[in-house]
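This report refers to the structure that appears directly beneath it.
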Amino acid sequence: QNIKMKEEVRIWMDGAFDLMHYGHINAFRQGRELGTYLIVGVNSDESIAQCKGSAPILNHDERVAMVRSCKFVDQVIEQVPYI
C-alpha cells in the first residue's frame, strides 16, 4: 500500500483578540483551513496600548485563555509585539 503523509503546513496569525467575537473565531477557522497547524500570537498589553493609544479591555491572561479555548487554534504564543 502506498500511504501518503499529509505535509505539515503551519499558519501564523496574531492580534490583540480583545473581546473575542465571531470575526476572530472565523479568522481562526479560515487560518486553520489554509494549513494543518494554526499558531496564534497574542499581542502584549503594552504593545497594544502603545500602537492603539489605549490598553485592551481584557487583560493578557484573559485574552490568551480565550484564544486557547478555540478548537481551531493549535498553539498560542504569548506577548508578541503589536506591529
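Everything numeric here is computed off the predicted structure, so don't read it as measured data. For this chain, numbers begin at 1 and follow the sequence in order.
- Rounding to the nearest 0.5 angstrom, the gap separating the CD1 atom in Ile25 from the OG atom in Ser69 is 6.5 Å.
- Cation-pi geometry between Arg10 and Tyr37 is met: the NZ or CZ atom falls under 6.0 Å from the ring centre, inside 45° of the normal.
- With rounding to the nearest 0.5 angstrom, the CG atom of Asp61 is 7.0 Å from the CD atom of Glu78.
- Atom CZ in Arg32 sits 10.5 Å away from atom SG in Cys70 (nearest 0.5 Å).
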Exercise for review: In sequence, state the C-alpha distance, the side-chain angles, and the governing distance for Arg63 and Asp18, and then conclude on side-chain contact (heavy atoms from CB on, under 4.5 Å).
Suggested key: CA-CA 6 Å; Arg63 293 182 292 110; Asp18 198 16; 3.8 Å; yes
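- Side-chain contact check for Phe28 versus Met20: some heavy-atom pair is nearer than 4.5 Å.
- By the 4.5 Å heavy-atom criterion applied to side chains, Pro81 and Asn43 are not counted as neighbours.
- Taking CD of Gln79 as the start and OG of Ser47 as the end, the distance is 8.0 Å to the nearest 0.5 Å.
- Side-chain contact between Pro56 and Asp45 is present, with heavy atoms from C-beta onward closer than 4.5 Å.
- To the nearest 0.5 Å, atoms CD (Gln50) and OH (Tyr82) are separated by 11.5 Å.
- Cluster membership check: Val80 does not share its hydrophobic cluster with Ile48, using side-chain heavy-atom separations under 4.5 Å among Ile, Leu, Val, Met, Phe, Trp and Tyr.
- Val64 and Trp12 fall into different hydrophobic clusters, where Ile, Leu, Val, Met, Phe, Trp and Tyr side chains are chained together by heavy-atom contacts under 4.5 Å.
- Residue Arg68 forms a side-chain contact (heavy atoms from CB on, under 4.5 Å) with just one option from Val76, Val73, Val42, and that option is Val76.
- Relative ring orientation between His24 and Phe17 is described as perpendicular, the plane-to-plane angle rising above 60° on a 0-90° scale split at 30° and 60°.
- Residue Val9 is grouped with residue Leu38 when hydrophobic side chains (ILVMFWY) are merged at heavy-atom distances under 4.5 angstrom, including chains of intermediate members.
- Of the possible donor and acceptor atoms, none in the side chain of Gln30 sits under 3.5 Å from a partner among the backbone N and O of Ala27.
- Closest of all the heavy-atom pairs between Gly31 and Met13 is CA-CE, 4.5 Å.
- Residues Val67 and Leu34 are members of one and the same hydrophobic cluster, defined by side-chain heavy-atom contacts under 4.5 angstrom among Ile, Leu, Val, Met, Phe, Trp and Tyr.
- Hydrophobic clustering (ILVMFWY, side-chain heavy atoms < 4.5 Å, transitive): Ile11 and Phe72 are in one cluster.
- Between Thr36 and Asp74, the closest heavy-atom pair is O-OD2, 3.9 Å.
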